[in-house]
Amino acid sequence: MKGQKILCPSPVVQGLVILVFVLGFGLNTFAQGVTPPMNVDAKDTPNDAGKSITITWEKAVDGISVANRVRGYQILRRIETGEFEEVGPLLPPETTEYKDSTIEEGTPYAYIVRAVTEDGTTFDSGETDFVKGTGEWFHTKKIPLFLAMLLFSIAIVWNIYHAQSGKEIFVRRIPGLEAVDEAIGRATEMGRSILYVLGLGGVSDVATIASMTILGQVARRTADYETPLRVPCNDPVVLNVVREIVRSSYLNEGRPDAYNEENIFFLTESQFAYAAGVDGIMVREKPAAVFLQGTFYAESLILAETGNSIGAIQIAGTASEHQLPFFIAACDYTLIGEELYAASAYLSKEPMLLGSLRGQDWGKLFIFAAIVLGVILELLGVNWITTFLQRVS
Amino acid sequence: MEVFGIWVAAFLTFCIYSFLYRDNPFYRFAEHLFIGLAVGYGIVITIHQGLIPLAWNPLWQAITGEGEASRWGLLNLIPICIGLLFFARLSRRHSWLIRYPLAILIGVGSGIAIPNVLQADIFAQTHGTLTPFSQIGRLSAFEIFGAILMVIGVICTLTYFFFSVEHQGAIAGISKIGIAFLMIGFGSAFGNTVMGRVALLIQRVDFLLNNWLGTLF
C-alpha cells in the first residue's frame with residue numbers, strides 16, 4: 001500500500017459537490033412538487049333559484065421554473081354514476097371561486113379543481129362531497145331593499161290617507177298636461193280624430209301603465225266632446241287593458257253609446273312594422289292631435305316627425321331618456337320622465353293619486369337628504385350611507 | 001334564389017323610402033306587407049316558443065306521464081285557465097271575466113318592476129353619485145370637479161321633479177339649473193343617437209350599392 005495515493009478531494013471541492021447535489025435535488029423536487037388546489041369546497045349557491053353550485057379553493061403553489069407555474073384552473077364535476085367531465089373554460093390563475101350555473105336542480109354533483117401548469121401538467125385536488133342545488137324562497141340580501149320599499153310604501157299610503165281625509169294637496173303646473181284640453185278642443189273644432197300611441201311597452205311596463213291612466217283621462221274628455229279616439233296597440237294584452245279603460249271612461253261620462261271598440265285595435269308587435277303602420281294612419285287620417293305616451297325606442301323620431309309633418313298638435317311623454325331629445329325636438333309639449341307618472345294625478349285630481357304623488361315627493365326628499373348627508377359624511381370619513389346604498393343596490 | 005331575395009329587399013327598401021316624398025301606393029304595399037308578415041311571424045313564434053313549450057308540453061307530459069314530468073305538472077292548468085279568460089271578451093255576457101287575468105298581469109308586472117326600478121334607478125344611482133367622495137383623496141382635480149358637478153346636477157334635476165311644492169324663489173332657480181342639466185344631457189343623447197341612425201342609413205345604402213347593384217354589374 002505504500003506509495004499508493006488515495007485521491008481525496010479537498011474540503012472545498014467536497015463542499016461544492018454537496019451543494020450541487022443538494023440544490024439539484026431540491027430544484028427538481030420543487031419543479032415536480034406543485035401542490036394541487038387545497039381545501040376545495042362545493043356549496044349550493046345561496047339566494048338563488050337552485051340553478052347553481054359555488055366551488056371555492058385555495059390556490060395551488062407554483063413550482064419555481066416557468067414551465068411549472070400554474071396557468072389556470074379547470075373545474076371538473078361528476079354525477080353519482082358518472083365520470084368527471086370539464087365544466088366551463090380554463091380559469092385564470094388568480095381565481096379561487098367558480099359558480100357552476102349549468103347544473104340541473106336537485107341532481108347531486110361532486111367537483112375537483114385541476115391546476116394546469118404552463119407545460120400542461122395537471123394537479124388535481126381532492127374530490128368534494130356530493131352537493132345539489134336547491135332554490136330559496138327568500139333572497140336574504142334583499143331584506144334592506146324590502147325595508148326601504150316598505151318605508152316608501154308607508155309614506156305613500158300615509159299621504160293617500162291624508163289626501164282622502166279632505167286635505168288639499170298642491171300640484172305644480174305641468175305645461176304639457178295643460179295642453180291636453182287644448183289638443184282635444186282643437187281636434188273637436190276641426191272635426192278630426194285624436195291618435196293616442198302607447199309605445200312598445202308591455203302591460204307590466206311602468207311607463208305603459210302611466211300612459212294608460214292618462215289615456216283614461218283623455219278618453220273622458222273625448223267622450224264628452226264626441227271626438228273619435230284612435231289607439232293602435234302593439235301588444236295584445238295592452239289592447240285588452242286599453243279597451244277596458246276607455247270603455248270605463250265612456251261609461252263614467254255617461255256616454256257608452258259613443259264608445260267604439262273598433263277604434264282601439266292591434267297593429268303588430270314588430271317595432272318598425274308598428275312604426276310604419278302608425279305613420280300610415282297619421283298621413284291618411286290626419287288626426288288633429290297626437291299623443292305619444294309610454295315606452296319608445298328607435299321609432300320615436302319616425303313617429304314624432306310624421307306627426308309634425310301633418311301639422312298635428314303633439315304631446316309626448318316617456319321615461320326613455322334616449323328618446324326624450326327627439327320628442328323635445330319634434331313635439332309641441334313633452335312630459336319628461338316622472339312628469340309622465342305625475343300626469344294621471346294632475347289630470348284627474350283624485351285624492352288617491354294626489355296622495356301617491358306627494359308620497360313620491362317624500363321619497364325624492366329622502367334621496368335628496370341622503371345625497372347631501374352622504375357627501376358630508378364621506379368627506380368626514382364616515383361611510384355608512386354609502387355602505388347602506390351599496391347593500392340595497 | 002339569393003339574387004331574387006336581394007331584389008325583393010331592394011324593392012321594399014325603395015318602397016319604404018318613397019314615404020320621404022309622400023304617401024303612395026308603393027309605401028302602402030310595403031307597409032301592409034310588413035305588418036302582415038310581422039303579425040304572422042309573431043303568431044308562429046308565440047306558438048313555438050310560448051304555447052307549446054310552456055303550456056302544452058308540460059301539461060301533456062303530466063297527463064301521459066311521459067319524460068321526467070310529474071303530476072305536479074297539472075298545476076300548469078291554473079295559469080292556462082287564467083290565460084284562457086282573455087277569450088272571455090269574445091262573449092258580451094262574460095267579457096267581465098277578462099278583468100281577472102288583467103289584474104293578475106298588472107299586479108305581477110308591477111310587483112316585479114317596482115323593486116327593480118328602486119334598486120337600479122334609485123339606490124344604485126344614488127350610490128354612484130356618492131362613490132367618488134369615498135375616494136376623494138385619490139382623485140385628480142378634474143375628477144373632483146366632475147364629482148361635485150355630478151352632485152349639483154343630481155340635486156338640481158331632482159328639485160325640478162318635485163311636484164307638490166310651488167316652484168318659486170330659490171326652488172324655481174334651482175329647478176331651472178336642473179332643466180339646463182337635463183337639456184345638456186338630452187343634447188348629448190341626441191347627437192349620439194343621430195350618429196347611430198346615420199349608421200343604419202349607411203348600412204342600407206351600402207346594401208343598395210354593393211349587394212343590389214352588385215347583382216347588376
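Proteins come first, then strands; the chains are lettered A, B, ... in the order of their sequence lines, and each starts at number 1.
Under the 6.0 Å distance and 45° angle rule, Arg204(B) counts as a cation-pi partner of Phe207(B). For the pair Arg172(A) and Tyr160(B), the cation sits on the ring face: its NZ or CZ lies under 6.0 Å from the ring centre, inside 45° of the axis. Stacking of Lys364(A) on the aromatic ring of Phe366(A) is not recorded, the 6.0 Å distance cut-off and the 45° axial limit not both being met.
Heavy atoms of Arg28(B) lying under 4.5 Å from chain A belong to its backbone as well as its side chain. In this structure, chain B has heavy atoms under 4.5 Å from both the backbone and the side chain of Glu339(A). If you measure heavy-atom distances from Arg247(A) to chain B, the contacts under 4.5 Å come from the side chain alone. For chain A, the nearby part of Thr159(B) is the side chain; its heavy atoms alone come within less than 4.5 Å. If you measure heavy-atom distances from Arg173(A) to chain B, you find no contacts under 4.5 Å at all. With a 4.5 angstrom heavy-atom cutoff, Leu377(A) does not touch chain B via any of its atoms. If you measure heavy-atom distances from Leu365(A) to chain B, the contacts under 4.5 Å come from both the backbone and the side chain. In this structure, the portion of Val206(A) lying under 4.5 Å from any heavy atom of chain B is its side chain and not its backbone. Interface remark: Glu261(A) contributes side-chain atoms only to the contact with chain B (heavy atom separation under 4.5 Å). Heavy atoms closer than 4.5 Å to chain B are found in the side chain of Ala329(A), but not in its backbone. With a threshold of 4.5 angstrom between heavy atoms, Ile371(A) approaches chain B through its backbone and through its side chain. Using a 4.5 Å cut-off between heavy atoms, Leu102(B) contacts chain A through its side chain alone, with no backbone atom that close. In this structure, chain A has a heavy atom under 4.5 Å from the backbone of Val165(B), while its side chain stays farther away. Both the backbone and the side chain of Ile336(A) come within contact range of chain B, judged by heavy atoms closer than 4.5 Å. Val283(A) touches chain B through its side chain: at least one heavy atom from C-beta onward sits under 4.5 Å away, while N, CA, C and O do not. Interface residue Gln390(A): backbone and side-chain heavy atoms are both found under 4.5 Å from chain B. At a 4.5 Å heavy-atom cutoff, Asn383(A) makes no contact with chain B through either its backbone or its side chain.
By the 4.0 Å N-to-carboxylate-O rule, Arg284(A) lies close enough to Glu31(B) to be salt-bridged with it.
Counted within 6.0 Å of CZ on Arg89(B), heavy atoms from surrounding residues, nucleotides or ligands total more than 12; the atom is thus considered enclosed. The neighbour count for His322(A) NE2, taken as heavy atoms of other residues, nucleotides or ligands under 6.0 Å away, does not exceed 12.
Proximity of the aromatic rings of Trp212(B) and Phe14(B) is defined here by a centroid distance below 6.0 angstrom, and this criterion is met.
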